[in-house]
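These notes are about the structure you will find just below.
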Amino acid sequence: MKRLWSLVLLLCLALAASAGAKEVVLTTDVLVIGGGGAGLCAAIEAADRGAEVIVLEKMPFLGGNTLISGQAMNVVNPKTQVPAGIEDSIELHFAQTLAAGDYRGNPELVRIMIEGAPAAYEWYERLGMIWEDTVFQIYGALYPRTHWPANIPPGRQGAFIRVLEKAARERNVQILLNTRATKLLRESPFAGRVYGARAVDKEGNDLVVLAKAVVLASGGFGANVEMRSKYDPRFGPDVGTTNHVGATGDGILMAQDIGADLVGMDYIQCIGVYGSPVSVIRPGLVLYINNKGERIVDEGGRRDAITDAVLAQEGQMAWVVADQHVLEVGEPGSGVLVADTLEELAEKMGVPAQAFVDTVTKYNSYVEQGFDPDFGKRALEAKLDSPPFYAGAARPAVHHTMGGVVINSKTQVIDRQGEVIPGLYAAGEVTGGIHGTNRVGGNALADMSVFGRIAGTNAAIEAIGE
Ligand code: ADP
């Protein structure tokens, strides 16, 4: 096997060398395309198996959407849930995830993600992550099993990438920033194998990376207006995005170019109430109010339901309203409306005061009785009765693209005939078929962690053996 590989590499080198004099050619065991969450998880696992690893990252820094995400990961975890009186199980998380995606997720992959999340949680701990010892339900999570890193200096934000980057660098993973992969190499005479990628650096120099296995971890396409509106025309240029500018679907297009199959491309998730200066991270502390002063949806419900409810309102916007309980989550941002009474807040929002006060009074009675007959909200954490009251305007913005390349349980990429594409693995938002129509809030980090680790492990085994 080793000899065959040397031969393949020599042939590749010869081909590459004849292609252009200015090209730089690198060789490695495992090439990872994309230095976000999934890519770094893969790189670490591959390095831990003894593989040489190169990561290509097109941006000037690592992290992608994982860096700017809410840092929230869903894990079934008796350590935090039992003390809080929360009953949970792998089966419940599995069933809720499948149902929330309208059963369009591949059950085999969903199970792998859910079963792998507790192990990933502990793996992060071994890499140095300090978790908050409480559990909560992040926006769109549908159940209190969300965990996040402790808010210790330099802060919670970016914690996953900090931990992963440090671990990758400690393992001598070679990280090339400002280096954009442009093409996967799969030409004959290598029996259909993927054997590397072409890339360009910041100066426009061409690079060829020859590898024994490739992991595609280049994220989704939420920031690519043309691509996302091709699959869902509602998400044209007028709709914003929470994504980093590099989320342009490059990996999906590169994989498609060499025959990969795609799934679920029109399942595009919005944060339904984006841009609010009042945090929506804990749905149990906020209400979404329309211009008539009414609630519009279960604030603790599915993200697609919230998006659809907001898009159905006049002006396609909603007010996120909270009281001082929301300060537990963070200070309101600029543009927030603040008032000491609900009437005053209504005036500032320009909504009918009496209707608004009635809505909040009714909601407070639901919290007291633990039942919301209007929308069936279960995340009834606190009454809105402690001034000051806050309101912020919010609109839908594209957040996660659930579609992408088809993978099997080993994260091997599958072609349009249903066959494995040898040498190519994929993990994270670049893949499809896991979250179905609607991703559960907090499941993306479980997805990228679990499948990133599997991809790195299997790519290393393919490259250098067990
Ligand atoms: P995931 O959660 O799936 O890891 P992220 O958005 O966190 O997704 O990470 C994807 C990373 O891939 C980002 O850092 C992004 O800049 C990078 N990336 C996207 N396209 C390319 C490309 N063509 N070449 C190299 N890196 C890329």
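Order of appearance sets the numbers: ligands from 1, and atoms from 1 within every ligand.
- Counting protein heavy atoms only, atom 8 (O) of ligand 1 is closest to Gly219 CA, 3.6 Å.
- Summary of contacts: the protein heavy atom closest to atom 24 (N) of ligand 1 is Ala181 N, 2.9 Å.
- The ligand atoms of ligand 1 that sit less than 4.0 angstrom from a heavy atom of His244 are 13 (C), 15 (C), 16 (O).
- Using a 3.5 Å distance cut-off with no hydrogens or angles, the side chains of Ser449 and Tyr124 do pair a donor with an acceptor.
- For ligand 1, one of its N or O atoms has an N or O atom of Asp250 under 3.5 Å away.
- Under 4.0 Å from ligand 1, the heavy atoms of Thr179 that appear belong solely to its backbone.
- Each of the atoms 10 (C), 11 (C), 12 (O) of ligand 1 lies under 4.0 Å from some heavy atom of Ala217.
- What sits closest to atom 19 (C) of ligand 1 on the protein, heavy atoms only, is Ser218 O, 3.2 Å.
- More than 12 non-hydrogen atoms from other residues, nucleotides or ligands lie less than 6.0 angstrom from CD1 of Ile90.
- Below 3.5 Å of separation, one finds no N or O of Ile33 facing any N or O of ligand 1.
- The six-membered or imidazole ring of Tyr121 lies near that of His147, with a centre-to-centre distance under 6.0 Å.
- Looking only at heavy atoms of the protein, atom 3 (O) of ligand 1 is closest to Glu429 N, 2.7 Å.
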N/O donor-acceptor pairs under 3.5 Å from side chains in residues 417-427, not counting sequence neighbours:
{"from": "Tyr425", "atom 1": "OH", "to": "Glu462", "atom 2": "OE1", "distance (Å)": "2.4"}

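- Evaluated by nearest non-hydrogen atom to atom 14 (O) of ligand 1, the leading choice among Met59, Lys58, Glu57 is Glu57.
- For ligand 1, the atoms closer than 4.0 angstrom to any heavy atom of Leu56 are 25 (C), 26 (N).
- Ligand 1 has no atom lying under 4.0 Å from any heavy atom of Gly251.
- Within the listing of ligand 1, atoms 7 (O) sit less than 4.0 angstrom from a heavy atom of Gly63.
- In this structure, the protein non-hydrogen atom closest to atom 2 (O) of ligand 1 is Thr66 OG1, 3.1 Å.
- In this structure, Arg228 fails the cation-pi test against Phe221, since its NZ or CZ atom is not both closer than 6.0 Å to the six-membered ring centre and inside 45 degrees of the ring normal.
- Checked against the 6.0 Å centroid threshold, Trp131 and Phe160 count as a close aromatic pair.
- Using a 4.0 Å cut-off between heavy atoms, Ala247 makes no contact with ligand 1 at all.
- Any N or O atom pair closer than 3.5 Å counts here, and Gly428 shares no such pair with ligand 1.
- Judged purely by atom type and a 3.5 angstrom limit, Arg302 uses its side chain to pair as donor or acceptor with the backbone of Ala100.
- Of the residues Leu31, Val209, Val214, Leu210, the one that meets the side chain to side chain contact (heavy atoms under 4.5 Å, CB included) test with Leu185 is Leu210.
- Remark: the backbone N or O of Ile268 is not paired with any side-chain donor or acceptor of Thr401 at under 3.5 angstrom.
- Protein heavy atom closest to atom 9 (O) of ligand 1, with residue, atom name and distance, is Gly36 CA, 3.2 Å.
- A distance-only check finds no donor-acceptor pair linking the side chain of Glu125 to the backbone of Ile130 [under 3.5 Å].
- The number of heavy atoms from other shown groups lying within 6.0 Å of CZ (Arg171) is above 12.
- If you number the atoms of ligand 1 from 1 as listed, the ones under 4.0 Å from a heavy atom of Arg180 come out as 23 (N), 24 (N).
- Between Ala38 and ligand 1, at least one pair of N/O atoms sits closer than 3.5 Å.
- Nearest protein neighbour of atom 6 (O) of ligand 1, counting heavy atoms only, is Asn65 N, 2.8 Å.
- Between Tyr267 and Tyr231, a ring centre-to-centre spacing not shorter than 6.0 Å is recorded.
- For ligand 1, the atoms lying closer than 4.0 Å to a non-hydrogen atom of Gly37 are 4 (O), 7 (O).
- If you check the side chains of Gln412 and Asn408, you find a donor sitting under 3.5 Å from an acceptor.
- The shortest N/O to N/O separation between Met254 and ligand 1 does not fall below 3.5 Å.
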